[in-house]
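Working notes for the structure below.
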Amino acid sequence: MATKRDDDELGSATRALSAAVVALTRVVGQGVTEAGREVGDDLVAALRSASQDLSEASAKAAGQQARRRAKRADSQDKRQARAATTRAQLIAAAATVFAEKGYEGSSVGDVAAEAGYTKGAVYAHFASKEDLLLGIVEMMACQDEAVFADRPAVRDLLCPASDDPETLRRTLLAMEVYTYAVRHPDAQPHLAPLVATTWDRTAEILAATRPGPPEPTQDDRDLALALLAVQTFAQIFGPVLGDDTAQESAARTIDRLLAD
């Protein structure tokens, strides 16, 4: 209703101004007499009033349009925020499901159930189960950047508490990503950055602990790969063996490698 009323006011003001202009033009064209001058003065006043009404109506209409645009923009921002939240929840759910059941053993329905959504909601944000995996890779890459940005000590990075379930979950999830990449070469360009980031940042931390240039050398990269391999397999062996012997062995091995 408000929009129609504004349009009506603007239209009325425009018509009034047009009528005043036409009438004044007719008077001027007929020549100026005393009576005509009085009529002309009245028309000038009417013209001035119509012009003012048109200006006010235009300003009001412009204000209404600006408010409507702001309302639409706010509504769009809220929709985008809700979509981002839902997407993050679905990625977190997929990470939990893939770590527990494996990528191949999981379904989109499993992810939807874990997140508390329908399968339709999942497909509204992700084209496929592989698309979910790519979302997980992006999430893990961001987490890696945040961890490495704090420049943790290498031993603290590679020797977390043996009873930390999150470390094991992340290792299992990383193994799912790695094995999927090996089996699906077409996905490797998207998945390789996760591997590269972990390896590169570990090498950079090693380079920062020794004298010399800050850029990682080939020796730094070789040592980083060895340390990561020890840590990864210790995480996998621990639950299989049912004790902490693998983690303890990994810690001693990492200490020896760092001491050399």
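Atom set for the values below is all heavy atoms of this structure, side chains included, hydrogens, waters and symmetry mates excluded.
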| field | Min side-chain heavy-atom separation E215-E204 under 4.5 Å | value | no
| note | Looking only at heavy atoms, the pair that brings D110 and G105 closest together is OD2-O, 4.2 Å
| said: Applying a strict under-4.5 Å side-chain criterion to I, L, V, M, F, W and Y, I'd like to know whether V182 and L134 cluster together. | reply: no
| message | Between L191 and V195, is the side-chain contact (heavy atoms from CB on, under 4.5 Å) condition met? List the steps. | response | CA-CA 7 Å; L191 302 179; V195 181; over 6 Å; no
| said: What's the separation between atom CG in L227 and atom CG in D220, rounded to the nearest 0.5 Å? | reply: 10.5 Å
| Do you know which two heavy atoms are closest between L133 and F98, and how far apart they sit? | CD1-CD1, 4.0 Å
| How close do S106 and K129 get, heavy atom to heavy atom, and via which atoms? | O-NZ, 2.8 Å
| task | Kindly indicate whether the side chain of Q235, heavy atoms from C-beta on, has any atom under 4.5 Å from the side chain of R170. | result | no
| query | In the single-linkage hydrophobic clustering (I, L, V, M, F, W, Y; side-chain heavy atoms under 4.5 Å), do Y178 and L168 co-cluster? | reply | yes
| said: Walk me through whether L258 and T209 qualify under side-chain contact (heavy atoms from CB on, under 4.5 Å). | reply: CA-CA 10 Å; L258 292 175; T209 63; over 6 Å; no
| Pairwise distance CZ(R183) to OG1(T179) - rounded to 0.5 angstrom | 4.5 Å
| request: Under the side-chain contact (heavy atoms from CB on, under 4.5 Å) rule, what do D200 and R221 come out as? Steps first, then yes or no, please. | output: CA-CA 7 Å; D200 292 344; R221 292 183 60 80; 2.6 Å; yes
| query | Which pair of heavy atoms, one from A115 and one from A93, lies closest together, and at what distance? | reply | CB-CB, 3.6 Å
| field | Polar contact flag, side-chain donor to acceptor under 3.5 angstrom, D219-T217 | value | no
| request: Evaluate side-chain contact (heavy atoms from CB on, under 4.5 Å) for L172 paired with I236, printing each intermediate quantity in order. | output: CA-CA 8 Å; L172 291 172; I236 300 299; 3.9 Å; yes
| said: Please give me the minimum heavy-atom distance between A99 and L173, naming the atom from each residue. | reply: N-CD1, 4.3 Å
| Straight-line distance of L241 CG to Q247 CD, nearest 0.5 Å | 11.0 Å
| query | Counting only heavy atoms not in Y117, do more than 12 fall under 6.0 Å of its OH? | reply | yes
| query | Which value, rounded to the nearest 0.5 Å, describes the distance between I136 atom CD1 and E176 atom CD? | reply | 9.5 Å
| said: So does T245 get a backbone contact from the side chain of S249, meaning a donor-acceptor N/O pair under 3.5 Å? | reply: no
| query | Is any side-chain heavy atom of T232 less than 4.5 Å from a side-chain heavy atom of M175? | reply | yes
| Pairwise distance CE(M140) to OG1(T198) - rounded to 0.5 angstrom | 7.5 Å
| If every non-hydrogen atom of R87 is compared with every non-hydrogen atom of H125, which pair is closest and at what distance? | NH1-O, 3.3 Å
| task | Classify the side-chain pair S128/D131 by whether it contains a donor and acceptor separated by less than 3.5 Å. | result | no
| In terms of ring plane angle, is the pair H184 and Y180 parallel, tilted or perpendicular, where the classes change at 30° and 60°? | parallel
